[in-house]
Structures are given as structure tokens and as C-alpha cells.
Engineer: 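Can you keep this structure in mind? I'll have questions shortly.
The sequence lines fix the lettering, A, B, ..., with proteins before strands; numbering per chain opens at 1.
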Amino acid sequence: MYRTHTCGSLGKENIGATVSLAGWVNRRRDHGGLVFIDLRDKEGIVQAVFNPEISPAALKIAEQLRSEYVLTLTGEVAKRPAGTENLKLPTGEIEVIVKEAEILNTANTPPFYINEEVEVDENVRLKYRYLDLRRPRMKENLQLRHRVTRFMHDFLDARGFTEVETPTFIKSTPEGARDYLVPSRIHPGYFYALPQSPQQLKQLLMVGGLEKYYQMARCYRDEDLRADRQPEHTQLDMEMSFVTQEDVLQLLEELYTSLAEAVKPDKKVITPFPRLTYADVMLRYASDKPDLRYGLEIADITNIAEKTEFEVFKNAIAGGGVVRVLAAPGCGEYTRHQLDELNQLAQSAGAKGLLTISLGSPGSKLSELTQDMIKSVAAKYLSLEQVKAIAEACGASTGDLLLIIAGEPDKICPALDALRREIARRFELADPDVLHFAFIVDFPLIVRNQETGGWEAANNPFTHPRDEDIPLLDTDPEKVIGKNYDLICNGLELGSGSIRIHRSDLQKKILKVLGYEDERINRLFGHMLEAFDFGAPPHGGFGAGIDRTVMVLSGEQNIRDVVAFPKNQSAMDMTLGAPSPAAEEQLAELHLRLLDEE
RNA sequence: GGCCCCGUGGUGUAGCGGACUAACAUGCCACCCUGUCACGGUGGAGAUCGGGGGUUCAAAUCCCCCCGGGGUCGCCA
């Protein structure tokens with residue numbers, strides 16, 4: 001037996017007891033005759049004292065110890081001498097007087113600090129991930145992640161959900177992201193695809209009468225990585241029969257509020273979760289996943305702009321564009337250089353330009369604004385009344401800076417979004433202690449594909465259209481609203497779901513609108529349509545990203561910090577060194593040959 | 001593929017044309033030290049400044065190319 005107790009669990013109640021501990025040397029303080037070792041295990045740290053008067057043999061061991069050596073020791077828990085307590089340590093009132101010690105393993109000097117919170121080059125962290133995991137930050141993130149999934153399991157179990165595993169070698173489906181493919185050895189030239197989500201399988205589970213299904217499902221997408229995107233991520237995948245959209249949203253709200261309460265009781269959760277329509281958030285926040293912890297709402301001023309003498313506005317509007325404004329509070333006295341920075345940000349996000357209007361210095365009311373307080377390259381084209389109207393539209397007052405962008409909504413929203421987030425960042429408007437969840441609803445079901453010009457599913461081809469919009473499928477597919485919904489929090493999309501189509505006639509109709517020929521429909525979706533014809537119940541569900549959920553709960557800005565062994569931006573595993581070349585024999589077995597690439 | 005940022009002892013930073021034989025902190029090694037807890041003291045080792053080319057009398061510093069990393073756009077139903 002290596003140990004009777006854990007380091008972090010010792011306290012005053014153990015005084016007098018003889019205990020055995022095992023762990024890592026967090027720090028050594030060698031006073032010559034007397035040596036202190038901070039011994040660390042998963043539960044915490046305790047001070048071990050090596051005293052030559054107690055055990056000369058143990059002291060000999062202590063002298064050999066270095067950081068991260070693995071050690072087991074036996075000794076007596078003692079109250080620390082008066083005046084030597086360490087209030088910074090939970091175990092700081094006691095110490096272990098060591099009688100015996102044994103080095104279980106030595107350790108090379110770590111490439112970075114394990115006992116200090118210092119930013120370290122991420123390459124180094126990832127290469128030595130197992131050392132990074134010893135640090136408190138990563139340890140806490142992984143433990144939080146465990147508590148999150150544990151809570152979800154319990155929550156859904158208590159509500160009658162059945163966990164079902166679905167295969168990870170499945171069939172490639174059209175649309176969506178690029179698939180990861182697995183070559184078949186048994187069937188030359190054939191491939192499995194790793195699931196982007198268990199979408200079809202969970203729908204078939206509903207046809208199978210499971211009624212309430214969930215799974216912690218690993219999902220794979222071969223697309224470029226981002227701060228919140230990994231090629232594989234875990235999703236709380238769930239599906240229910242005989243539910244409406246409202247039923248699903250209710251369940252999710254209950255799940256997430258109780259989850260936050262359980263794992264992060266200090267965080268403030270805004271309830272009930274706002275339900276915002278897609279059209280509404282795109283107008284007010286220029287994003288389908290706005291951070292709602294701060295206002296900074298955008299206003300449409302097309303009707304004001306079209307009456308001005310400013311050619312840029314007139315031309316944009318004539319070309320079918322709109323004009324929108326965002327107020328940057330207290331930025332009215334920005335310098336030329338600062339204005340240039342914002343302009344550059346807007347342009348790099350796709351705007352043709354950014355018109356700024358400075359509303360002077362703060363202190364007076366908007367009604368007292370005068371022409372000479374206004375500074376803008378377009379000042380001479382705008383009347384005082386027009387500037388006031390624009391300021392009023394976005395809730396600005398004197399001392400603020402108006403940020404105005406004109407153009408097609410699709411083009412200017414990314415720029416407005418970038419500006420809004422930049423202003424929030426500069427003034428630290430996002431309260432780190434708030435979790436501002438919201439549901440985004442009423443998404444368009446079908447959108448125009450920019451490249452092909454044809455229709456494509458905005459979400460997935462299985463989303464049920466809003467009932468009253470079904471007739472529009474024949475006339476105005478673009479106007480059809482789907483029964484799908486996103487859950488967002490603090491600027492992250494945590495997941496999405498929908499009520500699915502459960503009748504083959506409607507499913508076929510949608511697929512035809514999306515441009516699928518009968519032959520392709522049968523080949524690609526025949527199994528679904530056939531299943532629907534055997535009495536598929538109405539059903540719907542959700543996929544909630546676990547990684548992002550842990551990100552938002554921990555406050556981490558990067559998904560890699562909530563994953564034990566993540567891929568870097570080049571999709572490489574720096575710990576194992578994956579991907580790696582395959583041997584000729586392996587390729588031959590799989591009936592593969594590599595192309596010579598330049 | 002585009003754009004932006006970064007690359008200096010093990011780690012984190014400073015230096016941004018000449019006084020750099022590259023500084024500081026920490027870590028590491030040796031010795032000293034019996035109440036420390038980021039222990040303390042003394043001494044020491046450790047970087048050809050991501051790589052290559054160029055400009056210059058002189059380059060860590062300026063320019064070009066490449067490599068690596070990060071962020072972002074495209075992409076991600």
C-alpha cells in the first residue's frame with residue numbers, strides 16, 4: 001500500500017495519526033539540517049518535514065529529492081508550531097513529520113513550471129501535455145468537464161432518457177462539413193465516414209421507439225480549426241419523441257440553469273433565457289451568436305441616411321444596401337489614429353468603409369448638440385437634425401462616437417459584429433461572472449448557395465419547416481422558417497437542434513426543393529424515408545457542445561484548454577505526433593496508393 | 001489559400017542599427033544554512049537572438065524569402 005491518505009485531505013482532525021502519503025515533489029526547501037517538502041497529489045498539497053533528529057535516514061532521502069520526483073512517505077501528522085502556520089494552504093495548520101521515505105521515481109527537470117501559473121508557449125505545453133495536466137489550471141478544467149458530463153448524465157437519467165451508443169464508422173452523407181474517411185480493407189475502394197453527428201441514427205432511434213435518447217457523442221469534421229473548433233469534439237446528443245420546440249427549449253433551459261448552479265454556483269445566470277429570432281439578432285447585434293452581457297445595440301438608419309446628401313449612403317441604398325450604426329460610448333474624442341484602427345478593423349471584416357461621427361466631449365445632453373461639436377468627414381453632408389436622429393436611434397449621447405457602415409446586410413454584419421466586440425473588449429463590458437444564455441429561433445430553413453445559385457438547407461435537410469410556411473416551399477423557399485434553434489452563451493454557440501421531419505412525403509418534398517433528383521434521394525436518404533413510412537413519431541432534439549460548454553463555464557478563451565489532448569491549429573497532435581505517414585504495407589492492405597503531390 | 005500578430009538561455013521577459021563579450025527574473029548545478037512555505041546566502045553553467053539571403057564599416061535590431069506557432073476570413077448543414 002502506497003498511501004493511507006491523500007495530501008490535500010489532511011487536516012487538524014488527523015493530528016497524532018500516522019499516515020502514509022504518495023505524490024510528487026511540488027517544492028523543496030532545504031535548510032541544511034532541516035528539509036521541507038511540499039508533497040502534491042490530485043487532492044492538494046501538504047508540507048512534509050524531514051528532521052535529522054527524527055529520522056536521519058529520511059533526511060538522506062530528502063537531500064536527493066528534486067522537483068517532480070515521485071515519493072512515498074510515512075510519518076505523523078502534527079500541529080504546526082505556533083507562528084509557522086501557512087494560511088495560504090488548506091492544509092497549512094498541520095504538517096507531516098516524516099519517519100520513512102522512499103523515492104518511487106526520479107524526474108527530469110520539467111521544461112516549464114508545474115508549480116507556478118505562468119504562460120508557456122503552447123507548443124511546449126502540448127508536447128509535454130502530461131506535465132501541463134499536472135498544473136492546477138488544466139487539472140481544474142478537466143475536473144470541471146467531468147462534473148459537467150456527470151451532471152448531464154444524472155439529469156437526463158432522472159428524466160427517463162436512455163443512453164445509446166451509435167457507431168463511429170458510418171456512411172458519408174451529402175452536405176455539411178468535409179468527412180473524415182476510414183478506408184475499408186474488406187471492400188476495396190469503399191470508405192466509412194466518421195460521424196459529423198449521429199443525426200440520422202438518433203432519428204432512427206426515435207423510429208425505434210426509444211422516445212428519449214441521449215449520448216455523449218464524439219463528432220468529427222475535417223474543417224479548419226479555430227479557437228472554439230477542434231476536428232473532433234464531444235456533443236451531448238439528445239432526441240425526444242412527441243415533443244414540440246417549446247418542450248425541447250424548456251428542457252434545455254432547465255438543464256443549463258441547474259448545471260450552472262451545480263458546477264459554478266458563483267456565476268450569475270440570466271433567467272429565463274431570452275428567445276431571440278434570427279432576424280432580430282442579426283439586426284440588433286449583427287451576429288447569430290451575440291454576447292448579450294453588454295448592450296451596444298446596432299440600429300438601422302437606412303431611412304435617415306437616404307435623406308442625407310452623402311453620396312456613399314445614397315449609392316449603397318440604391319444598390320439594395322442598408323445603413324446601420326453602432327455607438328461607441330465615450331469615444332467621441334478618439335484621435336485620428338484610433339479612428340483609423342477602427343476603420344481598418346471594419347474593412348478587414350469586409351466593410352467597404354467606416355463612417356465615424358464624433359459627438360464631441362461628454363457632459364451635455366443630446367438636445368444641446370451643436371454643429372461644431374460634430375466631427376466627421378461627412379459632416380457637411382449631414383444636417384444637425386440628421387446626426388441627432390442617428391444618435392438617438394442607437395442611444396448615443398454627446399461624447400460618444402457613431403460607427404456607421406453602409407452596404408448589403410450580408411457584407412456589413414461581420415464588420416459591425418467585429419466593431420461591437422472590439423468596443424466591448426476595450427471597455428471590458430463583458431462581465432466574467434455572468435452567463436448570459438439565450439435561444440436563437442426562427443432561422444431560415446433554406447438559403448441560396450452563393451456558388452451554385454441553388455437552394456441548400458441552412459441547418460440540415462431534416463429540419464421541419466414551420467407548419468404555416470409549408471405552402472411557401474413551392475413559391476418562396478427562402479421565406480420558409482424552420483423549427484430549429486441555437487443555444488448561445490457569452491458569444492459562443494453552445495449547440496443547436498430542431499424539430500425533425502417525420503413524414504416521408506414532407507421529407508421528399510424538402511429534398512426536391514433542395515435540388516435532389518429521385519434517384520439521389522433514394523440512394524442517399526432511402527433508408528430514412530423507408531423508416532419514416534413505418535410509423536415514425538414526431539420528434540426533435542439537440543446537440544450541445546461539451547467543449548464549448550466547459551469553455552464558457554471555466555471562462556477559458558480556447559477550446560484546447562478544456563481538452564486533455566487537443567490538436568493544434570494545423571490539426572496535429574503534438575503529444576503523440578499525429579498524423580504520421582502510413583507504411584506501404586498498410587496502404588496496400590487498404591487498397592490505397594498515394595498521389596505524387598508537388 | 002488571404003489578412004493580422006508572435007518567434008532572444010529550460011521557462012517568462014528586456015534589448016529594436018554601434019557602448020551586446022546579449023540584460024533581468026526564475027529554473028538548473030555546487031557549497032553553506034534547523035521553521036521555511038515563491039525560504040535565504042555565495043558561486044557557477046546555460047542563448048551564434050526560428051532558418052536562409054540581403055542592405056550596412058557594423059544587424060537580435062532594417063529589408064526579402066522560408067519555417068514554426070497563434071488569431072481571423074474562406075470553410076464549419
Engineer: Base, sugar-phosphate alone, or nothing: which one does A:Pro111 contact when heavy atoms must sit under 4.0 Å apart?
Structural biologist: sugar-phosphate
Engineer: Suppose we define a pair by two distances each less than 3.5 Å, Watson-Crick or G-U wobble; what does B:C39 pair with here?
Structural biologist: none
Engineer: Suppose we call a contact any N or O donor and acceptor under 3.5 Å apart; does that hold for the side chain of A:Arg28 and the base of B:C39?
Structural biologist: no
Engineer: With nearest nucleotide decided by heavy atoms, which residue, A:Arg27 or A:Tyr113, maps closer to the 5′ end of RNA chain B?
Structural biologist: A:Tyr113
Engineer: Taking the side chain of A:Arg29 as its heavy atoms from C-beta onward, which of B:C33, B:U36, B:U11 lies nearest to it?
Structural biologist: B:U36
Engineer: Let's test your reading of the model: under 3.5 Å, does the base of B:U36 pair with the side chain of A:Arg80 as donor and acceptor?
Structural biologist: yes
Engineer: Give me the residues of residues 46-57 of chain A where at least one heavy atom lies under 4.0 Å from an atom of RNA chain B, by number, or none.
Structural biologist: A:Gln47, A:Asn51, A:Pro52, A:Glu53
Engineer: Angle class for the A:Phe525/A:Phe462 ring planes (parallel below 30°, perpendicular above 60°, tilted otherwise)?
Structural biologist: perpendicular
Engineer: Is it the case that the base of B:G10 and the side chain of A:Tyr128 share a donor-acceptor contact (distance under 3.5 Å, atom types as modelled)?
Structural biologist: no
Engineer: Under the side-chain contact (heavy atoms from CB on, under 4.5 Å) test, which residues partner A:Tyr69, sequence neighbours left out?
Structural biologist: A:Val25, A:Leu65, A:Arg66, A:Ile103, A:Thr106, A:Ala107
Engineer: Show your reasoning for whether ring-ring contact (aromatic ring centres under 6.0 Å, His included) applies to A:Phe443 and A:Tyr278.
Structural biologist: CA-CA 5 Å; A:Phe443 286 85; A:Tyr278 175 77; 5.2 Å; yes
Engineer: Do nucleotides 69-76 of chain B as a string where each nucleotide becomes B, S or -: B if the base has a protein heavy atom under 4.0 Å, S if just the sugar-phosphate does, - if no protein is that close.
Structural biologist: SBBBBBBB
Engineer: Reading RNA chain B from 5' onward, which residue's closest nucleotide shows up sooner: A:Glu456 or A:Leu89?
Structural biologist: A:Leu89
Engineer: Give a yes or no on whether a salt bridge exists between A:Glu517 and A:Lys512, defined as a side-chain N under 4.0 angstrom from a carboxylate O.
Structural biologist: no
Engineer: Under the criterion of centre distance below 5.5 Å and interplanar angle below 30°, is A:Phe36 classified as stacked on the base of B:U36?
Structural biologist: yes
Engineer: Hey, is A:His31 stacking on B:C39? Ring centres under 5.5 Å, planes under 30°.
Structural biologist: yes
